[in-house]
Amino acid sequence: MRDLEAIDTVGVVGAGTMGNGIAQVAATAGYDVVMRDIEREYVDSGLENIESSLSRFVEKDDLTESEADDVLDRIEGTTELTDLASCDLVVEAAVENMDVKQDIFADLDSAVDDDVVLATNTSTLSITTIASATDRPELVVGVHFMNPVPVMKGVEVVVGEKTDADVVALAHDFSEALGKETWESDDKPGFVSNRILMPWINEGIRAFDEGVATKEDIDRGMKLGTNVPMGPLELADHIGLDICLDATETLHEELGDRYTPAYLLKRKVDAGDLGKKTGKGFYEYD
Ligand code: 3HC
């Protein structure tokens, strides 16, 4: 496996919202980046997004004009997968479709050197299944960035059935080198983030549809009531409703009806472990 010190050039597959965000943070951290998409217009639109995001950092004096120019110079946009051959690590951020991802991983497997780690930004699909399209499943790992990538601090590291422990460590270290903070999830549908976030969004949409409140009050209620930056409907719009639907469909297919009260919740209440007020809930308190 190529370790963190050996990584100079990062490949990004997909120049959409997530791909261009990942390319931007990698180039901002000093890496050379090759960002690839299937059409030149997608590549150009990704580069434009990066330019506009960088200008927001310049406006706030977080970057100088010349630093922003250097970041852009470090990103090469391409439509050729073979241009990724020189990459020391590749992050895939293409559409959330297993067939497409498996095709990409099979192609990447032949395009890059044998010791290069192939990471996927998938939001809900199985790392293990994606990895099975390659001859290096031990070098395949999930690095799930959050949208907007240049702003959101978190990256979810997802461990496939065959992912090597060193590759997991590299995924954490690489994310941290991009200025992010990580948490780890097993390769279970939706991982930690979307397994919990998507039903929340879905229920917000249902509550609106069933006339519980106006969309504004649902969003306002969740923001004021639980101190989140966006309510479920605003957040769904921000993520993209198509992405939310794809993710929710995957969760539904894999997990079935998740809306009955959790057994563990009932068991804890019966046991009197009610949370902070009793000194013990899911955590323990002094
Ligand atoms: N590039 C650069 N800077 C950006 C940016 C971008 N693309 N988007 C926002 N910003 C900056 C703004 O310049 C601003 O900076 P400042 O506070 O220093 O002035 C700051 O972020 C806040 O932006 P705005 O003032 O425009 O708007 P908000 O205060 O409403 O914040 C937000 C926007 C950061 C998106 C905030 O609403 C938020 O954190 N929302 C929740 C986002 C979230 O939950 N994301 C995760 C979704 S789940 C996911 O991605 C997983 C996937 O698998 C579905």
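All ligand and atom numbering here is 1-based and tracks the order in the structure.
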Colleague: Check whether F145 forms a cation-pi arrangement with K180 (NZ or CZ under 6.0 Å from the six-membered ring centre, at most 45° off the ring normal).
Modeller: no
Colleague: Tell me which residues fall inside the under-4.0 Å heavy-atom shell around ligand 1.
Modeller: S53, R56, F57, K60, S123, H144, M146, N147, P148, V151, M152, N194, L197, M198, P229, M230, L235, H238, I239
Colleague: Excluding sequence neighbours, so at least two apart, what forms side chain to side chain donor-acceptor pair (under 3.5 Å) with D186?
Modeller: K188
Colleague: Sequence neighbours left out, what pairs pass salt bridge (charged side-chain N to carboxylate O under 4.0 Å, His left out) with at least one residue falling in residues 84-100?
Modeller: R2-D88, E92-K101, E96-K101
Colleague: Under a plain distance cut-off of 3.5 Å, with no hydrogens placed, do T128 and D187 share a side-chain donor-acceptor pair?
Modeller: yes
Colleague: Hydrophobic clustering (ILVMFWY, side-chain heavy atoms < 4.5 Å, transitive) - are V33 and L63 grouped together?
Modeller: yes
Colleague: By the side chain to side chain donor-acceptor pair (under 3.5 Å) test, which pairs, at least two apart or in different chains, include something from residues 29-43?
Modeller: R40-D44
